[in-house]
Asks: 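Dropping a structure here in structure tokens format, bear with me for questions.
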Amino acid sequence: MADAVLRLDEVCAGYVPGLPIVDGVSLEVRRGEILALFGPNGAGKSTLVKAIAGTALLFAGRISCGAIDLAGRKPWQIARAGVGYVPQRGNVFTDMTVQENLALGGPGRSNGRGMELTEVLALFPELAARRGVGVRTLSGGQRQMVAIGRALLGGPAVLLLDEPSAGLSPKAAGQLFAALATLKQRVPILLVEQNVRAALTIADRAILLAEGRARREATPAALLADPALAAAFLGTPTP
Amino acid sequence: MIASILVDGVFLSALLSLASLGLSLSYAVFRFPNFAHGDLITIAAYGAGAGAMLAGGGEAPVASVLVGAAASVVAAIAVMLLADRLVLRTLLARRGGAAVIIAAFAIGLLLRNAVVLLFGPAETEAARPLEIAGPVLNFYPFAAVRLTTTERLVIAGTLALIVLVHLLLRRTALGRDLRAVAENPELAGVCGIVVPRLRVLAWALVAAFCAMAGLALFLLGPVRPETGAEFTLPALAAVIVGGVGSIAGTLAGALLIGIAESAAVHLGMAEWRQVISFGLIILVLCLRPAGLFGQRA
């Protein structure tokens, strides 16, 4: 589609050549949307976003951000091509302050237009009073805000978030999802999330990934209405 | 006595700090103890000597110091980048922890033997160009405490270098990028930092620190092919006691070792000085395994 910002065609990826974890996945992230990627543990969700960001090996297929082919590029080249990636673990520099972490995002790291620092601090007001504080002292939710804020300052054309609510309290996760919902008009988001119910409340489309393959793509409403899926991923008993 | 112990200790600490700063940076960025570090200091010292001789030596003391400084920087950076390009980069990419340590040992031995082949095994003459250039600068505030012009310059130069390194790492975007690569290279990469470029820069900075240490050894003279290597273990100890990657920690470690060794010498226990200083190190590490300024994992 013309408004696709990120496009994957038949992507095979993993960590050891000959042992693909993701096997033939195609998808696109469109302007103004949140695309949720969900599935059981070991389905290849994190590997897929790592392959897009250049930290896992791409064995076959094509990944493009706008008109830029990302295949074979290094992580820093991919970041500068407009892909903002927030890993699940180790996504902040703990020996630095909040301000220093944010400064690492930009400007000048990406081809896109980054958000201003004031915009990021408006999105995550908790960070405003903690700019000089060491990241080591922050809560898990605040660290996620720093990581996402840093990615936004780099001016990404698309944002990849890997399990942003992992380890967060329900309140912190709620605040984070509310912020993401307001963000999507500015930057489309590919969201990998174990908290499927929360992810589906803010997503525009969702893809079920299982055993390295895209098994189903649908709107959140359609997925929520599917009793088998609801039982498997939402904890709702099958009627 | 106490004044002498402190002043000599501070001087020893300054020399050790010069040797330790680069080692601390390389340990933080590349995650291995670079046992070739001391031999690179030797290369820089001999480079300084060769440069100084070309500039006229004692006939033109100021010019010989300046040319010697430039030659030590060029020699150290060229050798370090060559070692990285030919050996270390490949081994580090393969994550060979033990292999890279052994390779560093081998590079150190290679450099030491190269110095013996080029300049001979004997120690160089103590040129002391600064003593020739500025004897009027010899001023001793205490009768019992004597520091030569060169020794005072080494202390002042070390302090200036520490301030510069601090400003570089804490106040510039380049320093921030270097710290990011040191802490988490994969995350640094996805932030858009060109990690290989920063690693080359880190090696160049390490070599520049070695050059300053080598220049100091040349100015203090005399220098032997083993002079730099003798600094490797105490410098590594200073880095580990202080906490890997911490400038303040490295300086504290160097100060601890420097003053302990100075005290041992002044108290007539010169042969015990390394036992005392390394005993202190063991004590510190038992109390704080991450080092004085190290962050616990």
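Below, read A as the first sequence line, B as the second, and so on, with proteins coming before strands; counting in each chain starts at 1. Every heavy atom of this structure was used, including side-chain atoms; hydrogens, water molecules and symmetry mates were not.
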Asks: For A:F93 and B:A188, which heavy atoms make the closest approach, and how far apart are they?
Replies: CZ-N, 3.7 Å
Asks: Roughly how far, to the nearest 0.5 Å, is the CG atom of A:L104 from the CG atom of B:D177?
Replies: 6.0 Å
Asks: What residue, out of A:G84, A:A151, A:G90, has the most heavy-atom pairs lying under 4.5 Å from chain B?
Replies: A:G90
Asks: Return the CD to CG distance between B:E186 and A:N91, rounded to the nearest 0.5 Å.
Replies: 11.5 Å
Asks: Take B:V194 and A:R80 through the test side-chain contact (heavy atoms from CB on, under 4.5 Å) and record every step on the way to the result.
Replies: CA-CA 10 Å; B:V194 186; A:R80 289 170 183 230; 3.9 Å; yes
Asks: With sequence neighbours excluded, tell me which residues meet side-chain contact (heavy atoms from CB on, under 4.5 Å) with B:A248.
Replies: B:S246, B:F293
Asks: Of B:R170, B:R179, B:R176, which meets side-chain hydrogen bond (donor to acceptor under 3.5 Å, both in side chains) against A:E100?
Replies: B:R179
Asks: Under 4.5 Å from any heavy atom of chain A, what part of B:A182 do you find: side chain, backbone, both or neither?
Replies: neither
Asks: Chain B heavy atoms under 4.5 Å from A:V86: which part of the residue, side chain, backbone, both or neither?
Replies: neither
Asks: Looking only at heavy atoms, what is the nearest atom pair of B:G189 and A:A79, with distance?
Replies: O-CB, 4.3 Å
Asks: What's the spacing between B:L187 CG and A:R89 CZ if we round to 0.5 Å?
Replies: 14.5 Å
Asks: Do A:Y85 and B:V190 come close enough that some side-chain heavy atom pair is under 4.5 Å?
Replies: yes
Asks: So, taking the atom named CG in A:N101 and the one named SG in B:C191, what distance separates them when rounded to the nearest 0.5 Å?
Replies: 8.0 Å
